[in-house]
Amino acid sequence: MTDALSQLGYRMTPQRMMIVASIESAENHISAEDIFRQVVAKYHNVNVSTVYRTLELLEKLGLVTKTEMGVGHIVYHPLEKGHHHHLIAVNAATLSIWMNPCSLR
């Protein structure tokens, strides 16, 4: 993602680099709040609005997907990690991720 941002002419500030690193290192989806907690632990001067603006930019550029998991819970996932589907069991408050799109056919 950092290479793509640089090639598109966006400055790679320390805050942006840490936000991207948090997204890329996440094993699963990650929320803006989780990203903010990780970044602010290392870089105390970052503001939560910086995280949201960066996520909006990454989404606009097609580098991450934004998924609403219900009840206002929004998470992000880098597109480079592949396409997958979400199943949300509303009553059980669980999430299943299917990585194989053929299994839905």
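Scope of the values below: all heavy atoms of this structure, side chains included, with no hydrogens, waters or symmetry mates.
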Mark yes or no for whether Thr50, through its side chain, and Val46, through its backbone, hold a donor-acceptor pair below 3.5 Å. no

Roughly how far, to the nearest 0.5 Å, is CE of Met18 from CD1 of Ile23? 13.0 Å

Roughly how far apart are Thr65 OG1 and Leu58 CG, rounded to 0.5 Å? 11.0 Å

CE of Met1 to CE of Met17: how many Å apart, nearest 0.5 Å? 13.0 Å

Looking only at heavy atoms, the pair that brings Leu55 and Tyr76 closest together is CD1-CE1, 3.5 Å

Distance col, row Ile19:CD1 vs Glu24:CD, nearest 0.5 angstrom, shows 12.5 Å

Donor-acceptor check, side chain of Arg16 to backbone of Thr54, threshold 3.5 angstrom: yes or no? no

Where is the tightest heavy-atom contact between Val40 and His44, given as atom of each residue plus distance? O-ND1, 3.3 Å

Which atom pair, heavy atoms only, marks the closest approach of Ala32 to Val51? O-CG1, 3.7 Å

Ser22 versus Gln38, side-chain donor and acceptor atoms under 3.5 Å: yes

Are any non-hydrogen side-chain atoms of His77 and Thr67 less than 4.5 angstrom apart? no

From the list Val64, Ile35, Val75, side-chain contact (heavy atoms from CB on, under 4.5 Å) partner of Ile30 resolves to Ile35

Listed by chain and number, what are the side-chain hydrogen bond (donor to acceptor under 3.5 Å, both in side chains) partners of Asp34, not counting sequence neighbours? Ser31, Arg37

May I have the step-by-step check of side-chain contact (heavy atoms from CB on, under 4.5 Å) for Leu5 and Val20, ending in yes or no? CA-CA 10 Å; Leu5 286 168; Val20 167; 4.1 Å; yes

